[in-house]
Amino acid sequence: MNPSSTFADNEIILQLLRKVERRTRANRLAHELTCGLAVVLIIPVTLKIWDLFSPLTTTTVTAMLAVCAITFLSYAVLRVCRKGTLFQAAASIDEKANLYDAMTSASWFIQKKESSKWIEAQLEGTARNAATLDVSQLYPQVIPRMTYLAATMCLLFVGLNFIPLSLNHNWFRLQAAPPGIPPQPVNLLQPSIEEALKAMAKELQKSEKTQAAGDALAEKQLSKAADELRKLAEQMKDGRSESSQMMQQMQRSLDQASQHSAAGLEQLSKDLAMASEGLKNQNRQSAQQSLQSAAKDLEKLEQAMSSQQTQSAGNRKDQQRRDKDQQQNRAAAGQSKGAAEKKDDNKSDGTGMDPSASPPRQGERTTLEVQLEQERLAGIPNGGGIPQDIRESSKQQTSRLEYSNVQSELGAARKDLMNRDGIPWEYRSLVKGYMQAIRPE
Amino acid sequence: MSTVIDEQVETFQEKFKRVRDEVSRVIVGYEEIIEGVMMSLLANGHVLLEGVPGLGKTRLVSTLSNVMHLKFSRIQFTPDLMPADITGTNVVQETPLGERLLEFQPGPIFSNIVLADEINRATPKTQSALLEAMEEKSVTVGKHTHKLDLPFFVLATQNPLEMEGTYPLPEAQLDRFFMKLKVNYPSGDDLHTILDRTTRVDEPEVDRVLTRDEVLDMRITARAVPIARPVQDYAVRITLATHRHKYVRYGSSPRGAQALIIGAKIRALLNNRLHVSCDDIRSVAYGALRHRILLNFEGESERVDTDAIIKGILESTPYVDERHLRAV
């Protein structure tokens with residue numbers, strides 16, 4: 001037994017296996033990564049095609065591209081980290097070079113450090129074979145087919161970004177549609193709507209059949225106009241014979257009315273136009289359905305307008321109340337200033353202390369009289385200023401009254417306790433010292 | 001070092017080839033059968049040959065015994081054959097002094113190569129007389145156990161067509177056969193050659209080319225071939241897979257796995273390799289497993305061939321198990 005020759009045989013076999021493992025790993029990675037890239041690129045390309053027709057916002061584009069990039073990078077890291085074993089390489093080379101499990105057996109014997117005359121002979125023979133094997137020939141470096149697909153996807157993605165279309169955004173130049181703005185509700189109280197409705201009414205009044213609806217519309221009675229349109233649709237359903245002249249007149253009238261559209265009246269105009277079209281094609285059923293739809297549109301419009309009116313009135317009231325409050329606050333501030341000046345004049349009653357002095361406060365001082373006056377002005381016309389009213393008022397909004405000025409139902413003793421005059425800060429230590437001095441032993 | 005091993009392998013191959021060539025002078029077109037029989041002899045096993053009458057089964061065995069310097073005996077199994085007719089019996093002998101004593105008269109089983117012709121015609125009692133001899137290489141008569149000469153090799157034949165008056169071999173006995181080989185009808189060309197050789201005045205004669213000791217040496221050489229665990233695992237997985245088939249009541253016993261490995265080792269040597277490959281195991285799988293698979297009722301009713309089951313198993317069993325790929 002020659003240990004050095006056995007070691008050399010083992011090394012030859014292991015070197016070959018390492019080489020095979022590296023080569024198979026490189027080929028596997030090339031295949032897997034190009035495959036992964038091709039699959040991942042499907043998403044940006046699809047998004048880009050979408051973007052051509054319906055522009056995507058910056059947020060969407062950034063998020064999707066980030067997800068794609070992270071997915072591919074994670075996949076790539078996982079694949080790169082996955083290493084093959086020498087045993088796998090041995091099984092692979094056995095299959096490639098028709099070695100009838102010689103490498104598999106040899107790698108097992110080397111790994112398990114098994115030794116016998118027969119095993120050494122086997123390793124020697126396998127090492128001889130290994131020396132003659134050409135790894136580059138057995139495992140040629142080939143460009144995977146998926147590479148072409150991945151390259152095509154890349155080119156497609158780049159190309160799509162540079163298509164000269166007005167809607168196209170070039171993502172490479174960090175372009176994208178601005179973030180979406182939520183649709184604002186149309187103001188149905190604006191004059192343009194009123195004018196459009198008047199114009200529609202005028203056109204409808206021209207036809208004998210639609211005159212009633214036109215009149216109602218002119219008087220801004222939309223629900224009545226809707227009823228008239230429904231009646232008209234019912235008449236058409238009953239199949240009453242009307243002269244073709246009347247029908248033509250009605251069709252023209254509806255057609256003209258549909259021309260006067262405005263923002264918020266699109267659906268109504270569309271339904272009127274469809275009704276006109278139905279009459280023109282003598283398709284009464286279609287015309288009848290369109291009139292029914294137009295009636296519904298009018299009802300919806302009335303509902304929307306009334307809710308906007310209510311809201312608008314509420315807003316106006318709120319604004320008026322705020323204005324009044326501001327005015328009253330200003331008036332109260334003026335009065336309290338005068339009262340404070342008077343009190344300053346009545347200071348120094350012999351003790352050296354100001355009996356009305358209180359701890360420092362924030363804001364303007366208010367008086368009970370002023371607050372009662374405010375309530376009376378803003379609330380009930382007769383009287384006001386009674387304690388119940390003040391409480392009711394305080395439930396509705398945060399009280400701005402000085403708590404000490406609010407009339408209470410407390411008893412005299414409690415009232416005294418609550419309404420104790422505070423000792424001015426600067427005199428507190430003096431009073432404390434005095435009280436301690438006169439305290440009986 | 002490798003020179004010694006190489007010489008051993010060369011000697012093995014050369015002797016094997018010599019026997020095969022000699023037998024082929026008489027037997028035409030059954031190279032695989034000859035190889036299987038030789039493999040069983042060198043693996044210290046026994047062979048069951050199955051084929052219709054007239055295909056040369058008996059001639060094959062007698063020729064094989066002729067090419068080796070081994071003692072040969074033939075037992076024609078019939079329904080009235082008794083166990084003592086095989087193993088031998090104690091007979092009363094009178095000495096020159098007039099004393100009478102029981103002396104053991106060995107039966108035909110006391111040979112190196114025993115041909116059990118039409119084994120399924122004997123009763124199970126008689127068939128079972130072979131059990132101990134085949135496994136233990138010994139025969140117990142009365143209170144005495146008699147060792148058989150090595151190599152001991154039983155070659156049994158049976159006819160698959162005639163079921164009338166036959167007794168199918170019990171599973172325990174079937175399991176003791178290293179291989180079951182199916183002797184098929186020869187091809188047209190082979191038949192021409194058979195006729196050319198057997199219908200003339202001069203019939204081919206064979207030389208004795210292998211001695212008893214050489215057979216025993218070859219047995220040792222065959223067992224010395226190393227086998228890696230992943231390859232051995234392939235044999236184990238195949239053996240275990242025979243238990244999981246829907247048409248199988250009982251799959252192969254561990255003797256089946258032993259037969260796979262030893263047969264594969266001999267085949268590796270014949271292919272000039274110093275290790276066993278999965279291909280070697282595949283090539284001996286049919287002979288080693290087909291008689292060890294017991295079909296269930298569904299399998300029997302659908303007349304499923306055990307060879308088809310083995311083929312399915314070989315196709316569905318991967319060469320190298322994922323476990324080994326991860327472990328190493």
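Here is the naming used below: chain letters follow the sequence lines, and residue numbers restart at 1 for every chain.
For NZ of A:Lys270, the number of neighbouring non-hydrogen atoms (other residues, nucleotides, ligands) closer than 6.0 Å is 12 at most. Annotation for B:Glu32: atom CD does not count as buried by contact number, only 12 or fewer foreign heavy atoms lying within 6.0 Å. Atom CD of A:Glu95 has 12 or fewer neighbouring heavy atoms from other residues, nucleotides or ligands inside a 6.0 Å radius. A 6.0 Å sphere centred on CD of A:Gln285 holds no more than 12 heavy atoms belonging to other residues, nucleotides or ligands. The environment of NE2 in A:His31 is sparse: at most 12 heavy-atom neighbours from other residues, nucleotides or ligands sit within 6.0 Å. Atom CD1 of A:Ile143 sits in a sparse spot, with 12 or fewer heavy atoms from other residues, nucleotides or ligands closer than 6.0 Å.
The only member of A:Glu120, A:Gln122, A:Lys117, A:Glu124 that meets side chain to side chain contact (heavy atoms under 4.5 Å, CB included) when paired with B:Leu274 is A:Gln122.
One distance of note links CZ of B:Arg229 with OG1 of A:Thr104; it measures 15.0 Å at 0.5 Å rounding.
By the 4.5 Å heavy-atom criterion applied to side chains, A:Trp118 and B:Val9 are counted as neighbours. Inter-residue side-chain proximity for B:Val231 and A:Ser105 is flagged as met; some heavy-atom pair is nearer than 4.5 Å.
For B:His275 (side chain) and A:Tyr100 (main-chain N/O), a donor-acceptor pair under 3.5 Å exists by modelled atom type.
Within residues 42-50 of chain B, no residue approaches chain A closer than 4.5 Å by heavy atoms. Annotation: residues 207-223 of chain B contacts chain A through B:Thr221 [non-hydrogen atoms, separation under 4.5 Å].
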